[in-house]
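Before any comments, here is the structure.
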Amino acid sequence: MAEGLVVGIYPSSDPKTLEDALAAQSIDLSKCKVITVNPPDGDAESTQLEFVDVIAEVGNSEASDEMMQGVGVFDETGTSVPGITSGHSASGLGTFTHHEAASRQYLAGYSLPDDEIENFGDAVAEGRAVVLYTDGVTDAQAVAAAFKAAGLKNVRVY
């Protein structure tokens with residue numbers, strides 16, 4: 001496990017609110033990474049926090065099947081594939097979705113237990129923000145206390 005990694009869940013993903021809450025506790029924002037499905041819009045300079053890009057699974061989007069309409073691959077204009085199509089219509093992209101938790105992809109670079117990755121991934125999927133203090137700190141417990149004072153929940157030190 002990484003020495004001094006502190007992780008917590010903020011109840012919303014609003015970048016300004018999160019930044020204000022962390023700054024009010026004198027947390028070094030340059031050492032924080034934020035994982036959320038709602039990164040700040042527009043100018044990246046508008047926040048001191050570093051946001052990790054999270055891409056929603058294509059298979060979960062209703063538009064994904066629409067994007068493939070009429071191209072002769074995944075719709076009724078294409079060919080049948082034994083075991084995949086039933087003869088009446090072909091499968092959409094949702095059929096080929098990999099169902100492993102997407103959170104494993106964006107938290108894979110951090111030394112977190114598998115069951116914790118799943119919990120943090122669920123928080124992101126529900127619209128909250130996972131904040132990681134990634135620069136090995138000498139007093140991780142102080143950072144954890146500051147996270148809690150800033151309103152983060154499920155704060156863990158690894």
Side-chain angles (χ1 to χ4, degrees), residues 1-69 71 74-75 91-158:
M1 294 283 156
E3 181 95 14
L5 175 67
V6 183
V7 184
I9 301 170
Y10 194 68
S12 83
S13 60
D14 178 61
K16 182 68 175 142
T17 305
L18 175 57
E19 183 174 8
D20 290 346
L22 294 172
Q25 299 303 317
S26 301
I27 295 172
D28 184 352
L29 301 178
S30 69
K31 296 181 180 180
C32 293
K33 293 186 187 309
V34 180
I35 300 172
T36 180
V37 293
N38 301 313
D41 293 327
D43 187 14
E45 300 295 321
S46 64
T47 181
Q48 294 178 32
L49 296 168
E50 179 182 341
F51 285 80
V52 177
D53 291 332
V54 175
I55 300 172
E57 290 183 64
V58 174
N60 290 340
S61 170
E62 290 182 24
S64 62
D65 286 333
E66 292 171 15
M67 291 186 301
M68 299 307 289
Q69 261 328 351
V71 297
F74 292 113
D75 63 12
S91 302
L93 289 177
T95 305
F96 301 101
T97 302
H98 185 61
H99 294 288
E100 183 177 346
S103 60
R104 294 192 188 282
Q105 297 169 10
Y106 49 82
L107 289 168
Y110 303 100
S111 297
L112 301 170
D114 287 343
D115 60 335
E116 292 292 333
I117 289 175
E118 208 169 297
N119 292 335
F120 291 125
D122 289 345
V124 172
E126 293 167 1
R128 293 176 280 167
V130 173
V131 181
L132 299 103
Y133 195 92
T134 59
D135 193 19
V137 293
T138 54
D139 192 359
Q141 294 303 326
V143 174
F147 267 26
K148 290 177 183 176
L152 278 75
K153 307 292 182 202
N154 299 340
V155 176
R156 306 280 190 265
V157 176
Y158 302 102

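Just so you know, these numbers use all the heavy atoms, side chains as well, and skip hydrogens, waters and symmetry mates.
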Checklist outcome for this item: Residue set satisfying side-chain hydrogen bond (donor to acceptor under 3.5 Å, both in side chains) with D20, at least two apart, ordered chain then number -> K16
Checklist entry - Of I35, T36, V34, which meets side-chain contact (heavy atoms from CB on, under 4.5 Å) against V52? => result I35
Next on the checklist: Let's go through D28 and S30 carefully: what are the C-alpha distance in whole Å and the side-chain angles of both, what is the deciding distance for side chain to side chain donor-acceptor pair (under 3.5 Å) to 0.1 Å, and is it a yes or a no?
Outcome noted: CA-CA 6 Å; D28 184 352; S30 69; 2.6 Å; yes
Can you confirm whether [X] sits close enough to [Y] that some side-chain heavy atom of one is under 4.5 Å from a side-chain heavy atom of the other?
X: L5; Y: Y133; result: no
X: K33; Y: V131; result: no
X: T134; Y: C32; result: no

Checklist entry - Does the side chain to side chain contact (heavy atoms under 4.5 Å, CB included) test come out yes or no for V157 and Q141, once each step is laid out? => result CA-CA 7 Å; V157 176; Q141 294 303 326; 3.9 Å; yes
Item to check | Spacing of CZ belonging to R156 relative to CG belonging to L112, to within rounding of 0.5 Å | outcome: 11.0 Å
Item to check | Separation between CG of L132 and CD of E50, rounded to the nearest 0.5 Å | outcome: 10.5 Å
Item to check | For Y158 against P113, the heavy-atom pair lying closest together | outcome: CE2-CD, 3.5 Å
Item to check | Residue pair V155, V7: steps toward the side chain to side chain contact (heavy atoms under 4.5 Å, CB included) verdict | outcome: CA-CA 6 Å; V155 176; V7 184; over 6 Å; no
Next on the checklist: Donor-acceptor check, side chain of E19 to backbone of Q48, threshold 3.5 angstrom: yes or no?
Outcome noted: yes
Checklist entry - Sub-3.5 Å donor-acceptor pair from the side chain of S13 to the main-chain atoms of R128, do we have one? => result no
Checklist outcome for this item: Sorted by chain and residue number, the side-chain contact (heavy atoms from CB on, under 4.5 Å) partners of A150 (sequence neighbours excluded) come out as A21, L22, Q25, L152
